[in-house]
Structures are given as C-alpha cells and as structure tokens.
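Questions regarding the structure given below will be posed in turn.
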Amino acid sequence: MSKTRQKPAERRRSFNARVYEIVRIIPTGKIMTYGAIGRLIPPPRGVDGGAYEKVRARWVGYALADCPDDIPWHRVINAAGRVSPRPGYDGMRQRILLEQEGVIFDEHGRVNLQDYLWTPLASWLTRHGLRPARG
DNA sequence: TCCTTGACTCAGA
DNA sequence: CTCTGAGCCAAGG
C-alpha cells in the first residue's frame, strides 16, 4: 500500500497555503512575526517536531517570497520588530505600506510589537467582550 | 552529488 | 545595543 508520505514539494505547498490563510486575515494596521505565524501551524507529517521549531520561521519567509498578490505580505515582520531586508531590496516599500496603515516606526526602524502584534486569540477575546490577559 | 543561499530566531559575547 | 554562529529544510547551480 502507498504510505502517501508527503514529498518535500507537496509539504511546502500545503505549508505555504496555511501561511497565506493566516496572513490574509491579519487586520489592517496590525502585524505578525514570521515566528508567530509558524507557531500556529503544526509540524507537517514526516517532519520532526523539534526540527520544525528551528525552521518554521524561515519557511514562513520562503512562503512569502513568492505569494499571491492578494496577500498582505507587508504585515509580516521579524521578531526584532523590524522589516526584514533581503537581497536587492531594502524593505522601504514594505515600511511605507505599513506607515500608510498607521504603523509607527521609531528612529531605529523598529515598531512596538506590544502595540501592533496581532494574534487570533486576542481578536477572539475582544469579539466576545473579554479583555486579553497580559503576560 | 556537493555546496551555497535564504523575507528566521535565539543564545552568547 | 550590535554582531556571530548554530540550528534545520529545500531549491538551484
């Protein structure tokens, strides 16, 4: 019988799909980090959980490297609160897009994650009239 | 098949 | 605070 084990390519395709699904629902003016998105996606079959933790953040980055046009990719930044620079692109366009949504960058090109980080849980709590616990 | 690179993150120095 | 190296997977030369 076929073990139907996922090939790397298929694995990547479904992983990317999950990433897009999440990024698509980040509200305007809010941001998420690569790592935060990765933590919401369970390890694919065939990938060791421990190893997955080490690479998921990068996978999210790879997924956004070639994402559909309807994905608000600019709302994803790194854990340091900065726009991740990449080869041949300084990230200025991404910063401008975020600023147009009201996101404030400090003099070091960083945003306050406390203010802008979006999590589905916090959103859910708010919808139900509950106040997200801090800490 | 080997080697390098990549939109990350964390722990150390 | 900044800078490095490690850790892990996949794609391309």
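In what follows, chains carry the letters A, B, and so on, assigned in the order in which the sequence lines appear, proteins first and then strands, with residues in each chain numbered from 1.
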- How many Å lie between CZ on A:R86 and P on B:dA7, as a whole number? 8 Å
- Is any side-chain heavy atom of A:I77 closer than 4.5 Å to a side-chain heavy atom of A:V111?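 The answer is yes; the side chains approach within 4.5 Å.
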- d(CG, A:L64; P, B:dG6) in whole Å: 17 Å
- d(CD1, A:I37; P, B:dA7) in whole Å: 15 Å
- Message: It should be established whether A:R93 places a side-chain nitrogen or oxygen under 4.0 Å from OP1 or OP2 of nucleotide B:dA7.
- Response: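 No.
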- Sub-4.5 Å side-chain heavy-atom contact between A:N112 and A:F105: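 No; the side chains remain at least 4.5 Å from each other.
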- May I ask you to say whether A:R75 pairs ionically with A:E101, meaning some side-chain N is under 4.0 Å from a carboxylate O?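 Yes.
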- Looking across every strand, which nucleic acid part, if any, lies under 4.0 Å from A:A51 by heavy atom: base, sugar-phosphate, or nothing? sugar-phosphate
- Message: Rounding to an integer number of Å, can you tell me how far A:K54 NZ sits from B:dT9 C1'?
- Response: 9 Å
- To the nearest Å, give me how far apart CG (A:L113) and P (B:dT9) are.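 Those two atoms, CG and P, are 10 Å apart.
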- Message: Side chain of A:W73 only, heavy atoms from C-beta on: which candidate in C:dG7, B:dT9, B:dA7 is closest?
- Response: B:dA7
- Query: Under 4.0 angstrom, heavy atoms only, what part of the nucleic acid is A:R110 near: base, sugar-phosphate, or nothing?
  - Reply: sugar-phosphate
- Flag the pair A:R82 / A:H108 as yes when at least one side-chain heavy-atom distance between them is below 4.5 Å, and no otherwise. yes
- Task: Using whole Å, report how far CE of A:M32 lies from P of B:dA7.
- Result: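 Roughly 20 Å, once rounded to whole Å.
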At a cut-off of 3.5 Å, list every protein nitrogen or oxygen paired with a nitrogen or oxygen from nucleotides 10-13 of chain C, distance to 0.1 Å.
| from | atom 1 | to | atom 2 | distance (Å) |
| --- | --- | --- | --- | --- |
| C:dA10 | OP1 | A:R11 | NE | 3.2 |
| C:dA10 | OP1 | A:R11 | NH2 | 2.2 |
| C:dA10 | OP2 | A:R11 | NH2 | 3.4 |

- Euclidean distance, atom CG of residue A:D48 to atom P of C:dG7 [Å, nearest integer]: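 In whole Å, C:dG7 P lies 15 Å from A:D48 CG.
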- Message: Between C1' on B:dT5 and CG on A:D66, what's the gap in Å once rounded to a whole number?
- Response: 16 Å
- Message: I'd like to check A:R18 versus A:P42 (side-chain heavy atoms, cut-off strictly below 4.5 Å). Are they in contact?
- Response: yes
- Quick one: is A:R75 getting a side-chain N or O under 4.0 Å of the B:dA7 phosphate, OP1 or OP2? no
- Message: Quick check for you: among B:dC10, B:dA7, B:dC8, whose closest atom lies nearest to any side-chain atom of A:A65?
- Response: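 Between B:dC10, B:dA7, B:dC8, the one nearest the side chain of A:A65 would be B:dA7.
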- Message: Could you check whether any side-chain heavy atom of A:W59 comes within less than 4.5 Å of a side-chain heavy atom of A:V19, counting everything from C-beta outward?
- Response: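 The answer is no, as the side chains (C-beta and beyond) never meet within the 4.5 Å cut-off.
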- Message: Atom CZ of residue position A:R86 - does it have more than 12 heavy atoms of other residues, nucleotides or ligands inside 6.0 Å?
- Response: yes
